[in-house]
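Notes to accompany the following structure.
Keep in mind that what you see is a predicted model, and the values were worked out from it rather than measured. Within every chain, numbering begins at 1; the chains are lettered A, B, ... in the order of the sequence lines, protein sequences first and strands thereafter.
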Amino acid sequence: MSHRFTPLIELTLARVREFFREPAAIFWVYGFPLIMAISLGIAFREKPKQQITVDLVGTTEGSRTGELRELLKRDTRFVVHEPTTESWKKRLRDGKTDLVVVASSDPASGDSPWEFWQEPRRAESLLARQAVENLLLKGQGGTVVVIADQELNEAGSRYIDFLIPGLLGMNLMGGGLFGVGFVLVDMRVKKLLKRFLATPLRHSDFLLSVMLSRLLFMVPEILALLGFSWLVFGVQVQGSFLELVAVIILGGFCFAGVGLLIASRATTLETASGLMNLLMLPMYVLSGVFFSSERFPAAMQPLVKALPLTALNEALRGVMLEGESLPALWRPIATLVAWGAVSFVIALRIFRWK
Amino acid sequence: MSDPKVRPAIHCRQLTKTYPGRPPVEAVRGVDLEVPVGECFGLLGPNGAGKTTTMEILEGLLDATSGDVEILGRHWGTDDRELRERIGVSLQETNLSDKLTVGEIVKLFRSFFRTGLTISQAIEQVALQEKVNARFSKLSGGQKQRLAIACSLVGDPELLFLDEPTTGLDPQSRRQLWDVISGFRNAGRTVVLTTHYMDEAEKLCDRVAIVDNGKVIALGSPRQLISQLGSEHVLEPSWVNNPPTEAELRTLPSVTLVRREDERYLMSVSEPHLALPALLDFTRQTGRELASLTTRHATLEDVFVTLTGRHLRDGDKGAV
Ligand SMILES: Nc1ncnc2c1ncn2[C@@H]1O[C@H](COP(=O)(O)OP(=O)(O)OP(=O)(O)O)[C@@H](O)[C@H]1O
Ligand SMILES: [Mg+2]
C-alpha cells in the first residue's frame, strides 16, 4: 500500500500546492463564481414586494384611461409610470415596465378596444395584463372589456435584435483584449519583444501594427456576425451603416487600448489572462450583453454606465435598433473615447519594453 | 562624429547589475571592458557568470544598476536610434514567429533598418538558402540559431553582439558560423560574443575576458592567458591501480601544477620532453601500470581551472 500510492499522493499534493500558490487561480475558482452569483442575484433580484409596473401613455383627465389611472393608483399592487415620449417601447423591451396602456386615438368612444402593449415572452407581462383586465372588469361592473393585445414584434424590437449588438460588443471586447493583450505578452514571454527592441523599429510603429492587424482581423468577424443575423433572423440596421462602422472601429480601438494597458506590465500569460478575465467577466454580466443593464438598481447605474462595454453596447444598439445618429449618442461615445485614450496613454507610459 | 579609430567600439566602467528579489542577485559586480574597433572579443564563463546580463546592458536592452557604458562613442538613452541602426544583436534565446518562413522573418527584420544587406545576402551568409520557404517551427535548433544570426547581420552592423551563437550546433554548422564571424571581423567590424566552448574562443577571439561570479577574473588574448599559466602543456595520466599522490607527481621535472580528478590527473608542465620520460620512469620504478596517457596543449579551460579550481562547465570534466 505505502509505495503504491505515494506517486499519486505526491503528484496530487504538488498540484494542490501549485494551485494554491497561484492567487489568480484561487480567485477564478472561488471568488469569481461568487461574484457572478452576487451580480446575477442583484440583476434578477426578488422585488421586496411584488409589484406590477404599468405605463400609461397619452392619458388625459376625465378620459377612461384617466379613470384607469385612478384605479391603479388606489391599488397598492401597481406602480404607475407615465412616460412622456416614445420611450415606453424601450422600457417595455428592457423589462422596466410590464405593461403599457396606450390611450386610443378616440377617447370618447367607449367601445373601442383598449390598447395593451405587452411582452408575451415575460411572465410578469402576462400577469400584469391579467391584473389590469380584472381591475377594469371590477370597475365597470362586469361589462365586457375589449382589449386589443399588442406586442413589440416588428424587426428591431425582438430579443434577437437586442442580442446581436450585445454579441457584437462582446466580440469587439474579447477580440481587442486577447488580440492585442495576449499577443503582446506572448511576444514578451518569447523574448520576441526584446529582439524587436534591439532593432531601430519605432515603439509606436510596433504597437500600431499590433492594433492595426487587430482591426483587420475584426472585419471578417463582424461581417460574419452581421451577415448571419441579417440572413437568418432578418436583423437590420435602423441607423446609418457608416455610423455603425464608425462605432465598431471606435469600439475596436477602445478595447485594443485596454488590451495594450493589460499587456503593458504583465510578464506571464497567466497574469495577462487573469487580468483580462477580471475585466471581461464582470462586463459580460453588467454591460447588457444578454439582458438589459437597466435591470441593475439605480444606485449601480453610474458604475454600470461607465464600463466601456456598456457604452459600446449602448452605442451599437442606438445605431442598430433606434436608428439614432452619433451626436445623439455622444455620451457612450465619449465614454469609449475616454477609455481608449486614457488606456493608450497610460500603456505607452508604463509599457515594459525591457 | 568622433573618429572610430580613436574611440573604442565598447567602453564600460564599473558596470554592476543587481536583480531585485529575495535575495537580490548580484549578477554583474564591477566589470570594466574596452573593446577596440575591429576586434573579436569573447566573454567566457560558466553558467550564471553574468555574461548575458553584461551583453544585454551593452546592447541597451537592460538597465545597469550602476556604471557607465559607451557604445561606438554614443550612449544609451540619448542616441538609441542611431545606435540601433549600427549594431546587430543575437540574443541567447529568441523564439521568432513560428508561423513565418525564413525568408519572411529576414525580410521583416530588414525592414526595420534604413540600410543593410539584401535578404538573399543575409540568408546566404548563414547558408540557409534551401530553407527560405520553410516555417520557423519546422527548423532544427541549429537552423534557428543560424536564422537568428542572419537577422542580426541583415542591418549590416558595425558592431555585432552574439550571445552563445554556436551553442547546440553540430561541428560543421559551428565551423560555418565561425567563417561568418571571422569574415565579419576581417572586414574591420567589431564582434562581441559569449561562449562556453574553449576552442571557439581560442579560434575566433582576439581577446577574451574570463567572467566568474559577475567579475572579470582574467583578460587578454587566449595565447597570453595560456602562457601566463607558466606551462603550456598538460599531461593527463591515469593508472590501473595504486594511484600516486599529487605531491609525488609534483616532484617530477618541469611540473608546475598537479590536480586530481577521480582517476585522472592533470599535470601542467612547461617542458614535456623532460616531464614525459620522468613520468614513465616513475611509473615503472614504483611498479605501477598506466591505464591511459594523453598530452595536449593547455587551453583556456586550464586557465579557468587554475584560477577558480572549477571547470567552466559543471559535470563536464575538461572535455574540450
Ligand atoms: N531576470 C532575472 N531576474 C533575476 N535573476 C536573474 C535574471 N536574469 C539572470 N539572473 C541571474 O543572474 C545571474 C547571471 O545570469 P546570466 O544570464 O547573465 O548568466 P550567463 O553567464 O549568461 O549564464 P549562461 O551561460 O547560463 O547563459 C544568474 O545567477 C541568474 O540566475
Ligand atoms: Mg547567458
Side-chain angles (χ1 to χ4, degrees), chain A residues 17 20-23 175 178-218 220-221 256 259-260 263-273 348-354, chain B residues 17 19 52-53 55-64 71 76-77 79-100 105-116 136-137 144 147-157 159-163:
Chain A
R17 284 194 192 107
F20 282 103
R21 284 172 196 174
E22 184 68 68
F178 275 95
V180 173
F182 216 69
V183 164
L184 284 176
V185 177
D186 188 47
M187 283 184 173
R188 183 179 288 128
V189 171
K190 287 177 159 174
K191 302 250 166 88
L192 197 54
L193 207 54
K194 193 178 242 178
R195 184 61 189 87
F196 283 151
L197 185 70
T199 73
L201 174 63
R202 284 172 199 278
H203 295 185
S204 52
D205 282 356
F206 171 70
L207 293 180
L208 274 178
S209 79
V210 174
M211 296 189 53
L212 268 180
S213 52
R214 169 58 209 141
L215 286 183
L216 285 179
F217 299 150
M218 208 170 72
E221 199 177 300
L260 194 65
S264 58
R265 304 297 298 172
T267 47
T268 65
L269 287 177
E270 288 76 14
T271 319
S273 57
L348 280 187
R349 289 186 155 244
I350 67 169
F351 199 89
R352 193 194 292 272
W353 290 100
K354 299 197 171 179
Chain B
K17 175 72 188 181
Y19 288 107
T52 298
T53 306
M55 288 284 269
E56 290 190 351
I57 293 171
L58 298 178
E59 292 159 354
L61 298 176
L62 198 65
D63 293 321
I71 305 290
W76 290 116
D79 314 300
D80 290 27
R81 282 196 59 75
E82 183 199 330
L83 277 174
R84 295 267 169 244
E85 293 277 357
R86 295 169 66 190
I87 68 170
V89 168
S90 169
L91 301 176
Q92 184 169 349
E93 46 162 336
T94 317
N95 300 290
L96 297 165
S97 320
D98 269 350
K99 309 251 162 41
L100 297 184
I105 289 174
V106 176
K107 185 155 173 265
L108 177 66
F109 276 87
R110 174 63 185 86
S111 77
F112 301 155
F113 294 87
R114 268 198 294 262
T115 58
F136 183 73
S137 55
K144 286 179 180 170
L147 175 58
I149 310 266
C151 292
S152 69
L153 288 171
V154 76
D156 198 20
L159 170 58
L160 187 59
F161 290 96
L162 304 172
D163 200 349

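- Heavy-atom distances place both the backbone and the side chain of Ser152(B) under 4.5 Å from chain A.
- Ring orientation note: the planes of Phe109(B) and Phe112(B) are nearly perpendicular, at an angle over 60° on the 30°/60° scale.
- Interatomic distance, His203(A) NE2 to Leu197(A) CG, rounded to the nearest 0.5 Å: 4.5 Å.
- No part of Glu59(B) comes within reach of chain A, as not one of its non-hydrogen atoms sits under 4.5 angstrom from that chain.
- Ranked by heavy-atom pairs under 4.5 Å with chain A, the first of Leu83(B), Leu108(B), Asp63(B) is Asp63(B).
- The residues Glu93(B) and Lys190(A) are annotated as not salt-bridged, no charged nitrogen and carboxylate oxygen being separated by less than 4.0 angstrom.
- Ile105(B) CD1 to Cys151(B) SG: the interatomic distance, rounded to the nearest 0.5 Å, is 6.5 Å.
- When each of Met187(A), Lys191(A), Arg195(A), Lys194(A) is checked for heavy-atom pairs under 4.5 Å with chain B, Arg195(A) comes out on top.
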